[in-house]
J.: 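My questions will all concern the structure given below.
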Amino acid sequence: MGLSEASGPRDTQALLATTEAMELRRRDYRVERPVLDQEKLEELGHWGLASGAPQWRTWFQCSHARARALLLQHLPVLAWLPQYPVRDWLLGDLLSGLSVAIMQLPQGLAYALLAGLPPVFGLYSSFYPVFIYFLFGTSRHISVVLEVCQKLPQAVAGTVVTAVVAGVVLVLVKLLNGKLQRRLPLPIPGELLTLIGATVISYGVDLKHRFRVDVVGNIPAGLVPPVAPNLQLFVKLVGNAFTIAVVGFAIAISLGKIFGLRHGYRVDSNQELVALGLSNLIGGIFQCFPVSCSMSRSLVQESTGGNTQVAGAVSSLFILIIIVKLGELFQDLPKAVLAATIIVNLKGMLLQFTDIRSLWTANRVDLLIWLVTFVATILLNLDLGLAVAVVFSLLLVVVRTQLPHYSVLGQVPDTDIYRDVAEYSEAREVPGVKVFRSSATVYFANAELYSDALKQRCGVDVDQLISQKKKLLRKQELKLKQLQKKLKKQGPAAKGTSVSTNVNTGDGDIESKAKQVSTENELEDTAANDQEEAKAPDASTLRALGLPQPDFHSLVLDLGALSFVDTVCLKSLKNIFRDFREIEVEVYMAACHTPVVTQLEAGHFFDASITKQHLFASVHDAVIFVLQQPRANPASPVLVTKL
């Protein structure tokens, strides 16, 4: 009994808690506040421009903390190396660095031969720039080396067999790593074992002479002293150097961002540019080729367990040892094995062709950019293809801002939410109020399209109505002038006739005089009436002129999508106010961001006719304000939604 009595209150409390939670979920969302236009919002929120010293002043401030921050910013190795987890990452970086170094060795030699230079300069390009990037770079996985387009090798049977065997071994090792990933503490270094095994087999079987398999060959030993650049070549090389710099940086930052997103760290674009610039600057002093990011070796560095640029430092130091002492050990390494290693590690990049299917369903504009970039790079070479892709992407941005989604908004019942009436069947337009929204910002390229779409969606031919109104007003004014002119001409004659008839006393003369006086009075009354009608405030209304009236009296522009305004946008908004006021529709704006309001003020948009009282914090504030305004002859009863 005691246990049952004790459990009873607990059950009751749990039931009450559940009931309260359900009641909270069912509870309506209620907010009580006044209608806020921009003036009231600024007063309520104590709005003011952010104060503070200009940013350029901080550039010249000097302190110990600032000096340390600048040093860590521009020399990132000092920030991450003291926190390097040796036990977790060192072994993976060592294996990754060795694998990349063994790839760099023959590829550097081959690239130097393709450039018509001694092979040893390819090794220099694999040492100095990589080590400089280790100090200044922010990406942990990209491998900085020379990138030169390779010529297709001649189809020698021994070379093909060697490449196929090496490729199969590498694929099997990768599949084994995938299956045993949870059981192995580190992935099996397939590239390293394959290259070492291929070198031993090539030396023992003599693949070069027996099967005509091309090998790396002799590697000279030693370093060369630094040499100052030849300034006479600057004018001749500056154009090509600029192209190489742009393409190289684009490739490096693209791969760096990919690896950064994949492994959850940030790549600093500015620091990457500094790192690549210093790598090429210092490398040029030591007679190195221009360097950038190698896609194949970056993938090898990632797939072999590389975690940081320590792998790059290890590979560069390994190349240094080879340059100085151990170059002869790899002179029998078959180049076909290196080609197989590159192809196998490019599998992930080749699989990007499968993105076409996903892009077709997700975003066809991105698919179009992908296809244009691919075709332009294949047909026009890398630098021109990249330039075409960038220009095409910028043009698409302009085109997409010219084709936004325009919509007329309606109120979702019993809420302060407004949605497109074409998409939400329950959304209803507020009687007498038209709410218009664009999904893109308004600027010089689409301002006219915005105005045209607004007038079209409102269901009123605003320009034609204004033209008809002006035409009727001109006719009315011309008629008034003609009557005044006729009165001036007939007035003296009528007065002269009345004087002459006063002399005669016959009945006929008296009747003629009465007619003359009556005609004069009619002309004067007609002219006076026309003048009064022209001066009356209702004489120029659409109803007085016999023109059709819009079925709404207020227009609310939802400007929440605006991120900035330019002078063309300001003029377009002013013209919208002017045109709709001509057809007796008052215009209001809503949901402007603070930077946009600041730009409106700077552009002198607000004046006596357009004040901040025409700008509201939200669309619902504007609608409530409009509905609270008295109307002389409302066409239909207006319902005010209470929230």
Side-chain angles (χ1 to χ4, degrees), residues 91 94-114 119-120 122-123 126 143 145 150-180 184 186-221 294 296-297 299-301 303-306 311 314-315 318-347:
L91 184 57
L94 288 176
L95 293 176
S96 176
L98 291 175
S99 300
V100 173
I102 293 177
M103 289 185 64
Q104 285 180 326
L105 168 65
Q107 288 185 4
L109 298 174
Y111 294 157
L113 292 174
L114 287 176
V120 71
L123 296 180
S126 300
S143 178
V145 290
Q150 301 185 48
K151 298 181 180 179
L152 292 175
Q154 296 182 352
V156 179
T159 302
V160 173
V161 173
T162 303
V164 170
V165 172
V168 170
V169 172
L170 289 172
V171 170
L172 292 176
V173 172
K174 286 186 175 295
L175 292 176
L176 186 62
N177 280 330
K179 292 185 177 181
L180 302 178
L184 295 176
L186 289 174
I188 301 173
E191 289 82 3
L192 179 60
L193 297 178
T194 301
L195 296 181
I196 293 175
T199 303
V200 174
I201 294 174
S202 175
Y203 176 77
V205 181
D206 196 9
L207 295 178
K208 178 179 180 182
H209 297 95
R210 294 181 60 182
F211 300 100
R212 294 187 301 164
V213 176
D214 195 10
V215 297
V216 172
N218 185 38
I219 301 177
S294 170
S296 60
R297 268 160 281 187
L299 293 172
V300 169
Q301 180 170 319
S303 62
T304 53
V314 171
S315 66
F318 187 78
I319 292 295
L320 176 62
I321 296 174
I322 294 174
I323 293 174
V324 176
K325 293 293 182 181
L326 303 179
E328 298 179 355
L329 297 178
F330 297 96
Q331 62 183 2
D332 291 319
L333 176 63
K335 294 181 180 179
V337 176
L338 299 172
T341 304
I342 294 173
I343 293 173
V344 171
N345 284 283
L346 282 176
K347 180 187 66 173

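Fair warning: this is a prediction, and the values are worked out from it, not measured in the lab.
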J.: Got a second to check how far Ile201's CD1 is from Leu333's CG, nearest 0.5 Å?
T.: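 It is 11.5 Å, given to the nearest 0.5 Å.
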J.: Measuring from Ser126:OG to Leu320:CG, what's the distance to the nearest 0.5 Å?
T.: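 Going from OG on Ser126 over to CG on Leu320, the span is 12.0 Å.
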J.: Run the numbers on Thr194 and Val337 for side chain to side chain contact (heavy atoms under 4.5 Å, CB included), then give the verdict.
T.: CA-CA 8 Å; Thr194 301; Val337 176; 4.0 Å; yes
J.: Is the closest side-chain heavy-atom distance between Phe211 and Thr159 below 4.5 Å?
T.: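 Not touching, per the 4.5 Å side-chain cut-off.
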J.: Enter the distance from Thr162:OG1 to Lys335:NZ here, rounded to the nearest 0.5 Å.
T.: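 Nearest 0.5 Å value for the OG1-NZ distance: 13.5 Å.
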J.: Provide the closest heavy-atom pair for Ala340 versus Gly167 in the form atom of the first, atom of the second, distance.
T.: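 Looks like CB-N, 3.7 Å.
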J.: Do you know which two heavy atoms are closest between Ser96 and Ala311, and how far apart they sit?
T.: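 Of all heavy-atom pairs spanning Ser96 and Ala311, the closest is OG-CB, 3.9 Å.
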J.: Measuring from atom CD of Gln331 to atom OG of Ser202, what distance do you get when rounded to the nearest 0.5 angstrom?
T.: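 OG of Ser202 is found 10.0 Å from CD of Gln331.
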J.: As a test of understanding, state which of Val213, Val215, Val161, Asp332 forms a side-chain contact (heavy atoms from CB on, under 4.5 Å) with Leu207.
T.: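 Single side-chain contact (heavy atoms from CB on, under 4.5 Å) partner of Leu207 among Val213, Val215, Val161, Asp332: Val213.
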J.: Which one of Val100, Leu98, Ile323, Leu94 satisfies the side-chain contact (heavy atoms from CB on, under 4.5 Å) criterion with Phe318?
T.: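 Option passing the side-chain contact (heavy atoms from CB on, under 4.5 Å) with Phe318: Leu98.
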